[in-house]
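Beneath this line is the structure, given in structure tokens, with notes to follow.
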Protein chains: 2
Amino acid sequence: MLKAQVTLFSKTCEYGIRAAVYLASQSVLSRKVSLKEVAKEIDSPEAYTSKILQKLVKGGVIVSEKGPTGGFSIEANQLAYVTLEQVVLAIDGNELFVKCGLGLKQCNDKAPCPMHVKFKVIRDELQDMLRSTTVVELSKRIDEGLGFLKN
Amino acid sequence: MLKAQVTLFSKTCEYGIRAAVYLASQSVLSRKVSLKEVAKEIDSPEAYTSKILQKLVKGGVIVSEKGPTGGFSIEANQLAYVTLEQVVLAIDGNELFVKCGLGLKQCNDKAPCPMHVKFKVIRDELQDMLRSTTVVELSKRIDEGLGFLKN
DNA sequence: TTAATAAAGGATATGTAGGTCTATTATTTG
DNA sequence: CAAATAATAGACCTACATATCCTTTATTAA
């Protein structure tokens, strides 16, 4: 009875970030990666991951090439600039950064709900964190054995 | 295609917080409130709100009395101590405060995912905010016209 | 002691995030 | 060009959060 899901990021977004970080780890090696490999390396369902990667492509976060020798990657000149915020925005849009914590539609800075001010502080810090963190930075930790992307 | 829900709190939790804040606003006036009134005042589905209030009762956050003149309330001697954290814990448990941001099961302080350290900072700040915010404090803002609980 | 009121609780329905399947399109190489 | 490889795309399925319905239990007061 009444089990509520409670995660900061949606599952979709979790996969998206993991995928982007993995792609970054391979793109620094100038490797393109197939959907199959991404799904395997981040332990995600392949078909679903396909949809997520498509969104990242449409959002300009990653690029894709069809055919044999094709695959997904982050462009070399973009690598240093792709942030977690871009990934989240491409997948979920900016709702996470603007929506009322209590789910109230007319809540905003001018007409705030009672939790607004305190909530905004946290939400802004989350956004700052995501904006100032690059996927390639996170991928480096994996190389150093200070992190992993699969279960 | 691929629409992801992206909210910090589950809908259930949003209703729960709004309900608790409304109950606080009335409990300072020594008023007990019926389910119907709660649902009306926080603009939530009545039957569903019933389940949520039951959880808050079981979690010891609020109390209930049956029969005519019955209703829900926060005990007078508890009013100053009921925090948003307690409400969230009663409804969703502590997952929000412990789960990996990337959804990785074995991620923890000792064996962190690449996002762990930065994520933990935000998550802890969120928990601190919830722990240091009482529902009665938020209810005061409504009285002062500095907030609302319904759409 | 019965009628009215209100919460509790179980069973059931709905909507949407999450996930799958299959056909199509693009590209490469022999 | 044909065969193989890989992404794209749309339709479809599933599970669970969200929501409803209805019966039961507790309490009050006339």
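In this text the structure is predicted, and so the values were computed from the model without any measurement. Lettering follows sequence order; numbering is per chain, from 1.
Here D:dT25 presents its P atom at 15 Å from CD of B:Gln54, a figure rounded to the nearest Å. Protein atom CD1 of A:Ile62 is 13 Å distant from nucleotide atom C1' of D:dT8, rounded to whole Å. C:dG9 atom C1' lies 14 Å from atom NZ of B:Lys55, rounded to whole Å. Here C:dA7 presents its P atom at 14 Å from CG of B:Leu56, a figure rounded to the nearest Å. Going from atom CD1 of B:Ile91 over to atom P of D:dT18 covers 11 Å, rounded to whole Å. We find that CD of B:Glu14 is positioned 13 Å from C1' of D:dA17, with the value rounded to whole Å.
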In a table with atom names and distances, give each donor-acceptor pair under 3.5 Å that connects a side chain of residues 67-79 of chain B to protein atoms at least two apart or in another chain.
none

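When the side-chain contact (heavy atoms from CB on, under 4.5 Å) test is applied to A:Gln127, the partners found at least two apart in sequence or on another chain are A:Glu85, A:Phe97, A:Arg131. In this structure, the side-chain contact (heavy atoms from CB on, under 4.5 Å) partners of A:Leu96, at least two apart in sequence or on a different chain, are A:Phe9, A:Val88, A:Leu126, B:Val6. Every salt bridge (charged side-chain N to carboxylate O under 4.0 Å, His left out) that B:Glu37 has, sequence neighbours left out, goes to B:Arg31. Taking B:Asp124 as the reference, B:Lys120 meet the salt bridge (charged side-chain N to carboxylate O under 4.0 Å, His left out) condition, with sequence neighbours excluded. Residues forming a side-chain contact (heavy atoms from CB on, under 4.5 Å) with B:Lys66 (at least two apart in sequence, or on another chain): none. The salt bridge (charged side-chain N to carboxylate O under 4.0 Å, His left out) test applied to B:Glu65 returns B:Lys32, not counting sequence neighbours. Residues forming a salt bridge (charged side-chain N to carboxylate O under 4.0 Å, His left out) with B:Lys140 (at least two apart in sequence, or on another chain): none.
Both A:Ile142 and B:Leu104 sit in one connected hydrophobic cluster of ILVMFWY residues. Membership requires side-chain heavy atoms under 4.5 Å apart, directly or through other members. A single hydrophobic cluster is not seen to contain both A:Val87 and A:Val63; linkage of ILVMFWY side chains at heavy-atom distances under 4.5 Å, directly or through other members, places them apart.
Remark: nothing in residues 32-42 of chain A comes within less than 4.0 Å of DNA chain C through any heavy atom.
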Let me have a per-nucleotide readout for nucleotides 19-30 of chain C, 5' to 3', with B, S or -, counting only protein heavy atoms under 4.0 Å.
-> BB----BBBB--
Just the dot-bracket of DNA chain C, please: which string comes out with Watson-Crick or G-U pairs under 3.5 Å, [ ] for crossing, | for another strand?
-> ||||||||||||||||||||||||||||||
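The shortest distance between the side-chain N/O atoms of B:Lys58 and the OP1/OP2 oxygens of C:dG9 is below 4.0 Å. Contact between the side-chain N/O atoms of A:Ser50 and the OP1/OP2 oxygens of D:dA9 is not found at any separation under 4.0 Å.
Checked against C:dG18, C:dA7, D:dT8, the side chain of B:Ser64 finds its nearest nucleotide in C:dA7.
Sequence neighbours left out, the pairs with a member in residues 141-151 of chain B that pass salt bridge (charged side-chain N to carboxylate O under 4.0 Å, His left out) are B:Glu41-B:Lys150.
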